[in-house]
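Please read the structure below before turning to the comments.
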Amino acid sequence: MRQRSLALTLTSLLAAATGVVGLTSLGVGTPATAGETQPRPNAAGENLRPRLAVLISIDQCRADYISRFSDLYLPAGRGRMVGGFRYLQEQGAWYPDCQYQHHRTVTAAGHAILGTGAQPYVSGVVGNSWWDRATGKSVYCVDDKKSEVVGAQSGSKEKPMSARNLLTSTVGDELELATGGQARTVSIALKDRASILLSGHRSDTVVWFDEDTGGWVTSTAYAPDKKLPGWVEEFNGRALAAELKRTAWEPTVDAAALRRVWNPQGKPVAFSHSLAGSGYGSFATSPAGNAFVFESCKKAVKAEKLGQDEIPDLLTINLSSNDYVGHKYGPDSAEVLDISVQTDRQLADFFQFLEDQVPGGLSRVTIALSSDHGCANVPEVLAGMGVTVARAISADIAGAADKALDTAVAPAKWIASGDNGELYFNPEALAAHPSEPRARLEQIAAEAVRAVPGVYMAIGKSAVLSGQVPRNALGSRITHGVHPERSGDVVILLHPHWLSGSKAVGTGTSHGVPFTYDTHVPLLMAGAGVRKGTYLNRVSPAQVAPSLSYILGIARPGGADEPLLPGLMGAAE
């Protein structure tokens, strides 16, 4: 059968554009029953407390995508349509200068910060994985061998996951505590680490996508009865993912929009990507993955009755597909342009759904939208413009450190792992030389690594923990990102725009450094408790969790020590 265009196939899912929207003003709250909280008006009579808080993370979304493509986004609604990004910008609070303050900008660390407000040196989530010195093995950030997979179908390779490795509480955890478990907390994402680290330890429903079988799964950490919630089982039974992957992804923007894509060779930039295949990787690497997530979120809102009473609920969402697309094609591609535009339509459709579904509409919903990290330009693109940049060879880095320690101390297998872009010493080599100060060994290795082409900085963990870091923003970000137990013995940063990897030439891009292209992400908030405006203050995603906690009227997560965001009703500017 001839493939259909994704844009046509998803019409019903992306019908975001029209329809009358009136943002209902909030009336007088009903008398509180046990466990309920009254809406809190401030001196101006504006309500601070939502029925539902929604935290959305768009994976690998650079801040410039918000302004760079704004003319292609739907207009903000004032009585006719809601809009997506521009609704949040114009009807809510926009923070154009939002920067992460840690050095290893990867998915797990970013989502842990959004969920907890805690930097990696507190949360323990220093990367997507790290090397465990006790077991001598790599640890995935949400591994949990004490739990079991729930909902996996035949052919699945899913492993049990939970927030066990997260060392502090999240907004969702604190909301559960504050309401005696009456609040409903739900998290949905294609990526397990995104869904889990946004939500936390105690959420009612946490699901992630099984790319082998095309359905949602969870673990006994969230489903101790070993059963998926009924609505999840029903949604899986629809086989929507299987239907969507029979489509093709073609541009939904016009030729004029595609001309802004970097294309010095003048090659055709239109594309057509098949989403079919044995698994669901191609499906996830397209706007269809996000459409699947949003349809699941709608089902969750209805089935879990989110936002239906005065006990506030929390829904956390990650749009993982934007990251997959960015990695494969790079930030200056037609694909990133198109998925950004389609994400805007999907957001608008979902906001309209919340306006219709939640009593009081969007005036009783608090929405916070950000990202876990940005990304670098494709190195080969920058090299073509004359920028000195390349892909660093990981083996050269570990080999240089090993060789230097062999010469300075004694021959041994000194480097056990290069997990998370850092070097971990082999405990057996350390035990064989107990008189050698750890700081000296780190310094020897760091000096050798600095000589490897592409390495901007290498510094020992002992130096970081004792405050011997550069007295600038970079030194502060390294300090925020180093955990005493989980971080490597030598922290390594590449020059701006260089990427780590095992190939000298490659395609696509990545992230993970403390430079602006990776740290600068969107931050927008709207709805209950938020004052409309553009706030040019330098802010951080770590301020989202304490700000949501303030709006919800609950305790901050235990590791959240950043100030509130400007632009909150009742909060000092």
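The figures that follow rest on heavy atoms only: side chains count, while hydrogens, waters and symmetry mates do not.
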**OP:** Kindly indicate, with the supporting measurements, whether the criterion side-chain hydrogen bond (donor to acceptor under 3.5 Å, both in side chains) is fulfilled by Ser57 and Asp372.
**Re:** CA-CA 7 Å; Ser57 166; Asp372 53 345; 4.5 Å; no
Subject >> ring pair (Phe, Tyr, Trp, His ring centres under 6.0 Å) against Phe351, all qualifying residues, sequence neighbours excluded >> reply: Tyr87
Subject >> Polar side chain donor-acceptor pair, Thr107 to Asn128, under 3.5 angstrom >> reply: no
**OP:** Go through the steps for Tyr140 and Asn165 under the test side-chain hydrogen bond (donor to acceptor under 3.5 Å, both in side chains), then give the verdict.
**Re:** CA-CA 9 Å; Tyr140 181 55; Asn165 293 325; over 6 Å; no
Original post:
Would you call Lys191-Asp59 a salt bridge at under 4.0 Å N-O?
Top reply: yes
Original post:
Is the centre of the Phe283 ring less than 6.0 Å from the centre of the Phe209 ring?
Top reply: yes
Original post:
Taking atom types as modelled, is there a side-chain donor on Asp173 or Thr170 under 3.5 Å from an acceptor on the other?
Top reply: yes
Original post:
Is Lys298 paired with Asp349 through a side-chain N to carboxylate O contact shorter than 4.0 Å?
Top reply: yes
Original post:
Considering only heavy atoms from C-beta outward, does the side chain of Gln89 approach that of Ile66 to under 4.5 Å?
Top reply: yes
**OP:** Of all the heavy-atom pairs spanning Val206 and Ser195, show the shortest one and how long it is.
**Re:** CG1-OG, 3.3 Å
Original post:
Do you know the tightest heavy-atom contact between Gly84 and Leu347?
Top reply: CA-CB, 4.2 Å
Original post:
Does the side chain of Val171 reach to within under 4.5 Å of the side chain of Leu55, using non-hydrogen atoms?
Top reply: no
Original post:
Got a sec, which pairs hit salt bridge (Lys or Arg N to Asp or Glu O under 4.0 Å) with one end in residues 92-113, sequence neighbours left out?
Top reply: Asp97-Arg538, Arg104-Glu422
Original post:
Does the separation of the ring centres of Tyr280 and Phe292 fall below 6.0 angstrom?
Top reply: no
Original post:
Salt bridge check: are Arg364 and Glu310 linked by an N-O gap of less than 4.0 Å?
Top reply: yes
Original post:
Are Asp64 and Arg62 close enough for a salt bridge, meaning some N to O gap below 4.0 Å?
Top reply: yes
Subject >> Any side-chain donor near an acceptor of the partner, Glu233 and Trp216, under 3.5 Å >> reply: no
Original post:
Quick one: ring pair (Phe, Tyr, Trp, His ring centres under 6.0 Å) partners of His327, sequence neighbours excluded?
Top reply: His511
Subject >> Nearest-0.5 Å distance, CZ of residue Phe353 to SG of residue Cys297 >> reply: 9.0 Å
**OP:** With sequence neighbours excluded, tell me which residues meet side-chain contact (heavy atoms from CB on, under 4.5 Å) with Lys226.
**Re:** Glu148, Thr220
Original post:
Where the side chain of Arg486 meets the backbone of Gly124, is there a donor-acceptor pair that is under 3.5 Å apart?
Top reply: yes
**OP:** Sequence neighbours left out, what passes ring pair (Phe, Tyr, Trp, His ring centres under 6.0 Å) with Phe515? Give chain and number order.
**Re:** Tyr456
**OP:** Inspect the contact between Glu234 and Lys299 and indicate whether a charged nitrogen and a carboxylate oxygen are less than 4.0 angstrom apart.
**Re:** yes
Original post:
Taking only residues two or more places apart in sequence or in another chain, which ones pass ring pair (Phe, Tyr, Trp, His ring centres under 6.0 Å) with His103?
Top reply: none
